[in-house]
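Below is one structure; the comments refer to it alone.
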Amino acid sequence: MEFMQIGIYPGSFDPLTYGHLDIINRGKKVCDLLIIAVAKNSEKNCLFSVNERINIIQDCCDDEGIEITTFDGLLADYCMERNVSFILRGIRSVSDFEYENPIAVVNRKLAPEVETLFLMADAGAAFVSSRIVREIASYGGDLSSLVPPRVAEKIQRRFS
Ligand code: ADP
């Protein structure tokens, strides 16, 4: 069997933003399969349920080269179970780096075969976060520069 390079992009994705989409599109280029994995433990204080977030991601991504799923428990265990070669994460700022660095180190201890790969945020999306989207949405603000139109519609319906 031919060796397949599998990457995983884990996160809360509550909701998916243009920043996530940028990482997905660039991440797809460096693997044969990119698993987009919505963390199940991120249900607390969320805007959308895990299933709703998966549906939103499905709506906004074309199927080729990606799998959209959810995972529970330790990411390192899930990576080994799925034969993942690398974990993909995005870095927007020094605070993202400080948050991600110890996690990457621990994940390498737990799963030495799995590398964490960081992509620097696109200049145009570096200010975009799901938290900012939720905040602006809660005041009825314009989301058009932050999320795709169909995501904005779903968010607006949730707040109306
Ligand atoms: P988590 O709760 O795991 O941080 P998020 O859904 O907030 O999940 O983010 C998932 C990943 O996507 C993280 O690596 C985060 O840094 C990255 N990310 C989020 N927004 C952006 C963005 N605008 N540009 C680049 N990377 C981003």
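Both ligands and their constituent atoms are indexed starting at 1 by order of listing.
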### Task
Tell me, please, which residues at least two apart from Ser129 pass side-chain hydrogen bond (donor to acceptor under 3.5 Å, both in side chains).
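Listed in chain order: nothing, the list is empty.
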### Query
Rounded to the nearest 0.5 Å, what separation is found between the CZ atom of Arg82 and the CD1 atom of Ile35?
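Going from CZ on Arg82 over to CD1 on Ile35, the span is 3.5 Å.
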### Task
Rounded to the nearest 0.5 Å, what's the gap from CG on Asn51 to OG1 on Thr70? Could you check?
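Between Asn51 CG and Thr70 OG1, I get 8.0 Å after rounding to 0.5 Å.
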What residue and atom, counting heavy atoms only, is the protein's closest point to [atom], and at what distance?
atom: atom 5 (P) of ligand 1; result: His20 NE2, 3.7 Å
atom: atom 24 (N) of ligand 1; result: Ala121 CB, 3.4 Å
atom: atom 4 (O) of ligand 1; result: Arg89 NH2, 3.4 Å
atom: atom 16 (O) of ligand 1; result: Gly90 O, 2.6 Å
atom: atom 2 (O) of ligand 1; result: Ser12 OG, 2.6 Å
atom: atom 21 (C) of ligand 1; result: Arg92 CD, 3.6 Å

### Message
Starting from Ile36, can I reach Val30 by hopping between I/L/V/M/F/W/Y residues whose side chains sit under 4.5 Å apart?
### Response
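Cluster IDs for Val30 and Ile36 match.
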Using a 4.0 Å cutoff against the non-hydrogen atoms of [X], which atoms of ligand 1 qualify?
X: Ile23; value: 25 (C), 26 (N)
X: Phe13; value: 6 (O)
X: Tyr9; value: 11 (C), 12 (O), 17 (C), 18 (N)
X: Gly11; value: 3 (O), 8 (O), 10 (C)
X: Asp96; value: 16 (O)
X: Pro10; value: 10 (C)
X: Ala125; value: 22 (C), 23 (N)

### Message
Could you report the tightest heavy-atom contact between Pro15 and Val151, atom names first, then the distance?
### Response
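That closest heavy-atom pairing would be CB-CG1, 4.1 Å.
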### Query
CZ of Phe159: more than 12 outside heavy atoms within 6.0 angstrom?
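For Phe159, atom CZ is crowded (more than 12 foreign heavy atoms under 6.0 Å).
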### Query
Considering only heavy atoms, does Glu100 approach ligand 1 within less than 4.0 Å through its side chain, its backbone, both, or neither?
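The side chain, only.
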### Task
With heavy atoms under 4.0 Å as the rule, classify the contact between Ala39 and ligand 1 as side chain, backbone, both or neither.
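No part of Ala39 comes within reach of ligand 1.
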List the atom pairs, donor and acceptor, that lie under 3.5 Å between side-chain atoms in residues 101-128 and the rest of the protein, sequence neighbours left out.
from: Asn107; atom 1: ND2; to: Ile103; atom 2: O; distance (Å): 3.4
from: Asp122; atom 1: OD2; to: Gly124; atom 2: N; distance (Å): 3.0

### Query
Does Thr17 reach the side chain of Leu146, with side-chain heavy atoms less than 4.5 Å apart?
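When only atoms from C-beta onward are counted, Leu146 and Thr17 do not touch, as no gap falls below 4.5 Å.
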### Query
Is the closest side-chain donor-acceptor distance between Asp142 and Ser144 under 3.5 Å?
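Result is yes, a qualifying pair exists.
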### Message
Any salt bridge linking Glu52 with Arg158? Criterion: basic side-chain nitrogen under 4.0 Å from a carboxylate oxygen.
### Response
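A salt bridge links Glu52 with Arg158.
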